[in-house]
Amino acid sequence: MTRLDPFDELNPRQREAVNHTEGPLLILAGAGSGKTRVITYRIANLIRAKAVPPFEIFAVTFTNKAADEMKRRVIDLIGPLGENVFVRTFHSAAVYILRRYGDRIGVPRAFTIYDQKDQETLVKDILLDRRLDPKKIRPSALVSKISEIKDRAEIIDGTDLSHLMPGYPGLDFQDLYREYQARLERSGALDFNDLLIKTVLLVRGSPDTLSDLQRRWRYFMIDEYQDTNHAQYLICKYLSSATRNLCVVGDDDQSIYSWRGADIRNILEFERDFDETRVVKLEENYRSTVPILDAAWRVIRNNRNRKEKRLRAVRGEGEPVTWCSANNEYGEAEYVVSTIMSLKKMEALRNRDFAVFYRTNAQSRVFEEMLRRENMPYRVVGGLKFYDRKEIKDILAYLRLIANPADSVSLFRVINVPARGIGAATVERLRDTAYTEEIGEWELIARGFAVKGKVTAGISAFKKIIEHGMAAAANVPGTVKLSAMVRNLIEATSYRDALEEENSIESRSRLENIEEFLNSVYEYEARNPDAGLDLFLQEISLLTSEEAPDAGGDDPSNSVTLMTVHNAKGLEFPVVFLTGMEEGLFPHFNSSDTEAGIEEERRLCYVGITRARDRVYLTSAEMRRSYSGLSYKEPSRFVAEIPAGSLEVRRYGEGAGGLTGYELPQFETAGPPPAGRFWTDARQAAGGSRFRAREAVLHPKYGRGRILSVEGSGDNVKLTIVFGNGSRKTFLEKYTPLEKA
DNA sequence: TTGAGGCTTTCAACA
DNA sequence: AAAGCCTCAA
């Protein structure tokens, strides 16, 4: 596919999108409609046919992976010239802009990026200062609340925020919010929201910056536009306002990030926002067979809040979509793995052709166990990120502190890691002294923080490590190599020595991870010889596990892929397993009490199904063990939305046993898809509850409600119920006089 | 005052 | 898996 003209491989709609180069363009691209091809051809067309210099093109996507892929395909089309197209994620583009111009609005050049964990640490510190118990008010909940507020337009408009502040019993949220922001600023740190917000404030508040950027970029392309938030929308709008050459691509049916502040109105109202918008609809699906698209449509059509549309299948008939119910999560995993094995035997499929999707990361464990037992290589995408591992975060905290000594979250993380005799009492005193003297904690240590006895040695060791690190970092990338600086730092901390001394299985794996981290530094250095420590840190803060070094041993090029449905967006596989199709899991409890929540879960299900080229297996367990104990599960309503004629129904009877060989899985053919009381009788026989999920009930005190989940068994059946006023309560069935309503 | 070991709690999705 | 809490030894 190196030839560009004529666009033989494009259909008329796609060609229209490629050829429309000037003025606003909205591409409504259904799943599998050749979106990436259109974007890359469009870029190629701008460069080749319209003689646009590559560096004038600004393209953003949502993941690093998608950005790399886009760049690779552009280079395939037009050669090394494509290297100069600016292709990044939104957050990475924001970092790029802020590093160059951020000082105009007071953002330091070596700013630190705080991830969710860092935010939680910060909030927890504030709570403790306020004599509040972080166990009663969960920092993670407060962080998501803060993030929610920061997604709002008011933040940027500078209007009064007070009406957005939630009332928290025993907590002045507004005070917390102000203090949180103040500490971020004092630490020279930005959270993920801030990266976007500060970028907007910069281009809006500094006309010089805006015109600089507008001179540099003249053509803008935004992928996954349905998932942009308000700040991202404004970034696009400001940057493109000089040329108006803004092309956005998206699909309202695939909007799955509203919880992260994505505003679906951005795509629905694009035509209203940008005059003379050309709209191109791509509705031909080249990816999936007819039964797969049919099942996906049957599900998504239940959303009331969507633009009516239906993808046309270019490919023909195929295998029916299968729903298999297994007795528990082990049976489910066994069914998935044995199906993979028999498909591999019957058809020339490779491990990498299979993907197992789940709603929550915790579900991966059972699949991993089963795949390992069968010696089948797999890779888990997402989950615990490489850079989130304790030992890596520790090393990174040292580096961050060296790059930005104001970063107190990092300082407190490592001041006593590995243990050097600086205990809680000393740390508390350091905090207090820094606070009363109104200086940073590092500054206090650097000037001389008086301590007694054996703590003295610890403090001076820590001080020396950081000072040496700073001296070395000042000469990166000049006379000192980044990798050498990092290696020396690790030596100086004796982090490795401490782990070697421990000599456990766990400590050995941590040592390997540190080696792996060093390798990634070498690699980074080779690719970015001009980068200093601060740029390195800013860039890896935006990486996810997908781009991180592979810490596992399996060959990623031929492994079964395990990931959350969210992570699957934009990808495709010949065979897809959509697992855990149960009420309470998918759709998830926490989204089940509002119509909007259910609709987003349904879009997520739609995204999952439409990733498949040839085969889709929906699986569920009738019983599942989770952290809250054993619970009976009702099949997902999404399964029931696919009519019997479009679904092959199976039941997998084994479970908990081992797979013995490569025999075909054993099925019992079950009845029609779940309608009404499909599982109820079986559950009662098994000693479960007399209630089931989604049932209407009457509570003597709270009135009418609907059951969200039934968990546990025997005397420990827990019922979670959402009541008419929207409140959610969990009861022990034993003690609750509930009636069926 | 610190550190180590054992126990419990935590649990939605992500850049 | 990691962090928090507890106890006990030094």
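Here the structure is a predicted model, which means the values were calculated and not measured. In what follows, every heavy atom counts, from backbone to side chain, and hydrogens, waters and symmetry copies are set aside.
Residues meeting the side chain to side chain contact (heavy atoms under 4.5 Å, CB included) test with A:Ala110, sequence neighbours left out: A:Asp534. With sequence neighbours left out, the side chain to side chain contact (heavy atoms under 4.5 Å, CB included) criterion links A:Val366 to A:Glu329, A:Tyr330, A:Ala333. For A:Lys464, the side chain to side chain contact (heavy atoms under 4.5 Å, CB included) partners at least two apart in sequence or on another chain are A:His468.
You'll find that the side chain of A:Val455 is closest to B:dT2, out of B:dT2, B:dA12, C:dA3. Of the candidate nucleotides C:dA3, B:dC14, B:dA12, C:dA3 has the atom nearest to the side chain of A:Arg413. Of the candidates B:dA4, B:dA12, C:dA2, C:dA2 carries the atom nearest the A:Lys390 side chain, counting heavy atoms from C-beta on. In this structure, the nucleotide among B:dA15, B:dA13, B:dT1 sitting nearest to the side chain of A:Ala425 is B:dT1. Closest to the A:Thr89 side chain, of the nucleotides B:dT2, B:dA15, B:dA12, is B:dA15.
Whole-Å rounding puts the A:Phe357 CZ to B:dA13 P distance at 16 Å. Distance A:Ile540 CD1 to B:dA15 P: 15 Å, rounded to the nearest Å. What separates CD1 of A:Ile256 from C1' of B:dA13 is a distance of 8 Å, to the nearest Å. Rounded to whole angstrom, the span from the CD atom of A:Glu600 across to the P atom of B:dC14 amounts to 13 Å. In this entry the distance linking CG of A:Asp388 with C1' of C:dA2 reads 12 Å, nearest Å. In this structure, the CD atom of A:Glu148 is 19 Å from the P atom of B:dA15, given to the nearest Å. For the pair A:Glu224 CD and B:dC14 C1', the interatomic distance rounds to 13 Å; values are reported in whole Å. A:Leu578 places its CG atom 14 Å from the C1' atom of B:dA13, with the value rounded to the nearest Å.
Using a 4.5 Å heavy-atom threshold, the side chains of A:Arg603 and A:Asn303 count as touching. Taking the side chain as every heavy atom from C-beta outward, A:Leu542 and A:Ile113 approach each other to under 4.5 Å.
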Listed pairs under 3.5 Å, donor-acceptor, residues 89-96 of chain A side chains, sequence neighbours left out:
| from | atom 1 | to | atom 2 | distance (Å) |
| --- | --- | --- | --- | --- |
| A:Thr89 | OG1 | A:Ser92 | N | 3.0 |
| A:Ser92 | OG | A:Arg88 | NH1 | 3.2 |
| A:Tyr96 | OH | A:Arg216 | NH1 | 2.3 |

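When only modelled atom types and interatomic distance are considered, A:Glu600 and A:Tyr257 share no side-chain donor-acceptor pair under 3.5 Å. In this model, a donor atom of one side chain and an acceptor atom of the other lie less than 3.5 Å apart for A:Ser147 and A:Asn193. Side-chain contact of A:Thr579 with A:Thr619: a donor-acceptor pair under 3.5 Å is absent, judged by distance alone.
Among the candidates A:Val200, A:Leu196, A:Thr199, the single residue satisfying the side-chain contact (heavy atoms from CB on, under 4.5 Å) test with A:Gln232 is A:Leu196.
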Open item on the list: Please encode protein proximity along nucleotides 5-10 of chain C as a string of B, S and -, counting only heavy-atom distances under 4.0 Å.
Closed with: S-----
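An OP1 or OP2 oxygen of B:dT9 is reached within less than 4.0 angstrom by no side-chain nitrogen or oxygen of A:Arg138. A close approach under 4.0 Å does occur between a side-chain nitrogen or oxygen of A:Asn416 and OP1 or OP2 of B:dG3. Close to B:dC14, at under 4.0 Å from its OP1 or OP2, lies a side-chain N or O of A:Asn567. A sub-4.0 Å separation between OP1 or OP2 of B:dA13 and a side-chain N or O of A:Asn361 is present. Put simply, A:Thr63 has no side-chain N or O that comes within less than 4.0 Å of OP1 or OP2 on B:dC14.
The residue A:Arg88 sits apart from the nucleic acid: no heavy atom pair falls under 4.0 Å. Note on A:Arg510: only backbone sugar-phosphate atoms sit closer than 4.0 angstrom, heavy atoms only; bases stay farther off.
Comparing A:Thr360 and A:Phe62 against DNA chain B, the residue whose closest nucleotide sits nearer the 5' end is A:Thr360. Heavy-atom nearest nucleotides on DNA chain B were determined for A:Gly423 and for A:His588, and the one closer to the 5' end corresponds to A:Gly423.
At a cut-off of 3.5 angstrom, the base of B:dA15 holds no donor-acceptor pair with the side chain of A:Ser92.
Taking atom C1' in both C:dG4 and B:dA12, one finds a spacing of 22 Å when rounded to whole Å. Between C:dA3 and B:dA13, the two C1' atoms lie 22 Å apart (nearest whole Å).
With the 3.5 Å cutoff on both pairing distances, Watson-Crick and G-U pairs in DNA chain B assemble into runs of at least 3 at B:1-10 with C:1-10.
Geometrically, A:Lys393 does not engage A:Tyr387 in a cation-pi contact, judged by NZ or CZ lying under 6.0 Å from the ring centre and within 45° of the ring axis.
For the pair A:Trp259 and B:dA13, the ring geometry qualifies as stacking, because the centroid separation is below 5.5 Å while the planes lie within an angle under 30°.
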